[in-house]
Asker: 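Sharing a structure with you now.
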Amino acid sequence: MTERVKEILGSEAPREDVTVEGWVRTARASKGIAFFEVNDGSCLASLQVVAEPGLANYAEVEGLHVGSAVRVRGRLAQSPAKGQKWELKAADVEIVGPSAPEYPLQKKRHSFEYLRTISHLRVRSRTFGAVFRVRHALQMAIHNFFDSRGFVQVHAPIITGSDCEGAGQMFRVTTLDLGAKPDFSKDFFGRETSLTVSGQLEAEIFALAFKDVYTFGPTFRAENSNTSRHAAEFWMIEPEMAFCDLRGDMAIAEAFVRSIVGEVLARCSQDVDFFDQQIEKGLRAKLEGLVASPFEVMTYTQAVAALEKSGRSFEYKPAWGMDLQSEHERFLTEELLKRPVFVIDYPADIKAFYMRMNDDGKTVAAMDLLVPHVGEIIGGSQREERLGVLEERMRAFKLDPASYWWYLDLRRYGGTPHAGFGMGFERMLMYVTGMTNIRDVIPFARTPGSAEF
RNA sequence: UCCGGUUUAGCUCAGUCGGUAGAGCAAGCGGCUGUUAACCGCUGGGUCGGGGGUUCAAGUCCCUCAACCGGAGCCA
């Protein structure tokens, strides 16, 4: 029976007749003995295989190229040399799929920019193996968190006729001829449709039936953003809770972030150590600190005051009524507080129409969670549940209430205070791994001008 | 989209004052009884991002386009 490298390396005692399948990471030969290491993606480490001239195909084994697919059967023995506890003494090496000398992934350090050009092979490298193992673990941790609290997952539609934020920048979905003057009544859906930018409105529908729900799916933005933190296709998590206000929203968000980070630490300890050593020094301490200590909370008004009296000269002068700039967010979370911070109660004019108006008439019950090195990782709010106020806000944002008839119905029939937030999955993954470019935490990144693979 | 930077061997990079191209690693071959990104020797490898210009002469100076990187905006 074939075993995974992770299981084999966890063996308690030497064993006969162990079989492993995987890809050669590195190979070296001396006179009369050859070594190669096999990795199968199950863990960071590879299994060292020892081959000796007694093998029927020793000449071929001696010349194995990096990247070859092999199946090795042999005896698991304690390694006499330093560098590994176990090694596999090969009795039989089957070269399932040979590689070639020009294999682009060489046994040396490559730049992430180069590796992006070979996304079909970079997953066989240590760094990307670790990234995508952690990506999986993080995803499972998210589902585990909500499942254990009785949340129901909503599969929000990917093709949508609604425009959540009232903004443009959506990818159009159509079967109409290119170049023809669009008559959307003749289009596939009989109306203009796009790829979703958010599942929030649909999540609100389900929250008013299941109380606590979440979405977890791909979202799409046709923005011409050329930064290390933006992609045209990314995954988002959007919980929505009925009978919940902004305080409850923040409590869930904080428990959520600390829980999923804790689970990654427990489940991917070796990968976290790898990132700590190779990618971001101090990563493990950062994550452990996040799990251990409570987040800060400050109002937008307090944040602006803190920025004003900081004595710092910012490129954009902080002023009440202006949105916080990246440099402002960075100062608050990285320098002033040195930990995650919720900034709440933003001016109504710079936030979305559905956010609940506070009693002061100037601010809305919104919250952003800022974390060091990544910036805004969560944005959320209590939703406006008062029908009249919501309609007024829509008109102020030049939105037609009629096209949101079903959204307004939620306020007519059994509306409740409710709240939710959105988290960019890749942003969270960047925070957890220390990777600094979103293109390096998505299997195949879609960014302006780039959709190879 | 804006600002700045980069583009030279498969990879990472050097290239002075404008004078026809270099290193390390990788690869190929040989050597070496246990290696750890093995080591030692030899060999091969270039449309200097594309296009245009200045010049006797351009990797080098100028213009232009493109890609990539960093930052900004937009945001998650």
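Here is the naming used below: chain letters follow the sequence lines, and residue numbers restart at 1 for every chain. What you see is a predicted model; the values in this text were computed from it and never measured.
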Asker: Contact class for A/Tyr316 vs. all strands (heavy atom < 4.0 Å): base, sugar-phosphate, or nothing?
Answerer: sugar-phosphate
Asker: Between B/C74, B/G10, B/C68, which one does the side chain of A/Tyr114 approach most closely?
Answerer: B/G10
Asker: Where the side chain of A/Ser450 is concerned, which of B/U1, B/C68, B/U35 is the nearest nucleotide?
Answerer: B/C68
Asker: Could you state the CD1-C1' distance from A/Ile118 to B/C11, rounded to the nearest angstrom?
Answerer: 10 Å
Asker: Looking across every strand, which nucleic acid part, if any, lies under 4.0 Å from A/Thr219 by heavy atom: base, sugar-phosphate, or nothing?
Answerer: nothing
Asker: Would you call A/Phe256 and A/Pro239 a side-chain contact if the rule is heavy atoms closer than 4.5 Å?
Answerer: no
Asker: Please compare A/Lys82 and A/Thr436 by the position of their nearest nucleotide in RNA chain B and report the one closer to 5'.
Answerer: A/Lys82
Asker: Would you classify A/Ala29 as touching base, sugar-phosphate or nothing, given that sugar-phosphate means primed atoms plus P, OP1 and OP2, and contacts are heavy atoms under 4.0 Å?
Answerer: base
Asker: Please check the phosphate of B/G73 (OP1 and OP2 only) for any side-chain N or O of A/Ser326 closer than 4.0 Å.
Answerer: yes
Asker: Which part of the nucleic acid, if any, lies within reach of A/Ile377 when heavy atoms closer than 4.0 Å are counted: base, sugar-phosphate only, or nothing?
Answerer: sugar-phosphate
Asker: Per the salt bridge (Lys or Arg N to Asp or Glu O under 4.0 Å) rule, which among A/Arg4, A/Arg124, A/Arg25 passes with A/Asp40?
Answerer: A/Arg4
Asker: Nearest to the A/Arg116 side chain among B/U1, B/C68, B/G34, which nucleotide is it?
Answerer: B/C68
Asker: Whole-Å distance between B/A37 P and A/Arg25 CZ?
Answerer: 13 Å
Asker: For RNA chain B, what string of dots and brackets results from 5' to 3' when Watson-Crick and G-U pairs need both distances under 3.5 Å, crossing pairs get [ ], and pairs with another strand get |?
Answerer: (((((((..((((.....[..)))).(((((.......))))).....(((((..]....))))))))))))....
Asker: Need one value for A/Glu87: base, sugar-phosphate or nothing, where a base atom within 4.0 Å counts as base even if backbone is also close, heavy atoms only.
Answerer: base
Asker: In whole angstroms, how far is the C1' atom of B/A72 from the CD atom of A/Glu329?
Answerer: 13 Å
Asker: Can you check whether A/Ser30 has a side-chain N or O nearer than 4.0 Å to OP1 or OP2 of B/U35?
Answerer: no
Asker: I'd like to check A/Met394 versus A/Tyr404 (side-chain heavy atoms, cut-off strictly below 4.5 Å). Are they in contact?
Answerer: yes
Asker: Tell me which nucleotide among B/C32, B/U35, B/C69 gets nearest to the side chain of A/Lys31.
Answerer: B/C32
Asker: Determine the contact category for A/Gly424: base if any of its heavy atoms lies under 4.0 Å from a base atom, sugar-phosphate if only primed atoms, P, OP1 or OP2 are that close, otherwise nothing.
Answerer: sugar-phosphate
Asker: Decide whether A/Thr299 and A/Asp345 meet the rule of one side-chain donor and one side-chain acceptor closer than 3.5 Å.
Answerer: no
Asker: Examine the base of B/U35 for any acceptor or donor lying under 3.5 Å from a partner atom in the side chain of A/Gln84, and report the outcome as yes or no.
Answerer: yes
Asker: Expressed in angstrom and rounded to an integer, what is the separation of A/Tyr103 atom OH from B/A27 atom C1'?
Answerer: 15 Å
Asker: Rounding to an integer number of angstrom, what distance separates B/C61 and B/C48 when you compare their C1' atoms?
Answerer: 16 Å
Asker: Report the distance from atom CD of A/Glu376 to atom C1' of B/C74, rounded to the nearest whole Å.
Answerer: 11 Å
Asker: Taking only side-chain N and O atoms of A/Arg229, does any of them lie within less than 4.0 angstrom of OP1 or OP2 on B/G73?
Answerer: no
Asker: In whole angstrom, give the distance that lies between atom CZ of A/Phe112 and atom C1' of B/C68.
Answerer: 16 Å
Asker: Can you tell me how far CD of A/Glu21 sits from CD of A/Glu3, rounded to the nearest 0.5 angstrom?
Answerer: 11.0 Å
Asker: Report the distance from atom CG of A/Leu369 to atom P of B/C75, rounded to the nearest whole Å.
Answerer: 18 Å
Asker: Using a 4.0 Å heavy-atom cut-off across all strands, classify A/Ser225 as base, sugar-phosphate, or nothing.
Answerer: base
Asker: Is a donor from one side chain sitting under 3.5 angstrom from an acceptor on the other, for A/His65 and A/Ser68?
Answerer: no
Asker: Specify the separation, in whole Å, of atom CH2 of A/Trp86 and atom P of B/U35.
Answerer: 20 Å
Asker: Please identify which of these residues, A/Tyr214, A/Trp235, A/Phe216, meets the ring-ring contact (aromatic ring centres under 6.0 Å, His included) condition with A/Phe425.
Answerer: A/Phe216
Asker: Answer with base, sugar-phosphate or nothing: what part of the nucleic acid does A/Arg126 contact at a heavy-atom distance below 4.0 Å?
Answerer: nothing
Asker: Just call it for A/His110: base, sugar-phosphate, or nothing, with non-hydrogen atoms closer than 4.0 Å on any strand.
Answerer: sugar-phosphate
Asker: When you compare the side chain of A/Asp249 with that of A/Met367, does any pair of heavy atoms fall below 4.5 Å?
Answerer: yes
Asker: Between protein and nucleotides 28-30 of chain B, what N or O pairs are separated by less than 3.5 Å?
Answerer:
unit_1	atom_1	unit_2	atom_2	d
B/G28	OP1	A/His65	NE2	2.7

Asker: Report yes if at least one side-chain N or O of A/Gln325 is closer than 4.0 Å to OP1 or OP2 of B/G73; otherwise report no.
Answerer: yes
Asker: Could you check whether A/Glu52 gets within reach of a base, just the sugar-phosphate, or nothing at all, counting any heavy atom under 4.0 Å?
Answerer: nothing
Asker: Is the number of heavy atoms from other residues, nucleotides or ligands under 6.0 Å of A/Lys107 NZ greater than 12?
Answerer: yes
Asker: Among B/G70, B/G34, B/C75, which nucleotide has an atom closest to any side-chain atom of A/Asn437?
Answerer: B/G70
Asker: Please classify the nucleic acid contact of A/Gln106 as base, sugar-phosphate, or nothing, using heavy-atom distances under 4.0 Å.
Answerer: base
Asker: Under 4.0 Å, counting only non-hydrogen atoms across every strand here, what does A/Gln48 touch: a base, just sugar-phosphate, or nothing?
Answerer: base
Asker: A/Phe35 has a side chain; which of B/U35, B/C69, B/G71 sits nearest to it?
Answerer: B/U35
Asker: Could you tell me whether the side chain of A/Met357 reaches within less than 4.5 Å of the side chain of A/Arg393, counting heavy atoms only?
Answerer: yes
Asker: Could you check if a side-chain atom of A/Val50 sits within less than 4.5 angstrom of a side-chain atom of A/Lys89, using non-hydrogen atoms only?
Answerer: yes
Asker: Checking all strands, does A/Thr227 fall into the base, sugar-phosphate, or nothing category for heavy-atom contacts under 4.0 angstrom?
Answerer: base
Asker: Strictly below 4.0 Å: does A/Lys107 bring a side-chain N or O up to OP1 or OP2 of B/A37?
Answerer: no
Asker: Would you check if A/Glu233 and A/Phe220 make a side-chain contact, meaning some heavy-atom pair closer than 4.5 Å?
Answerer: yes
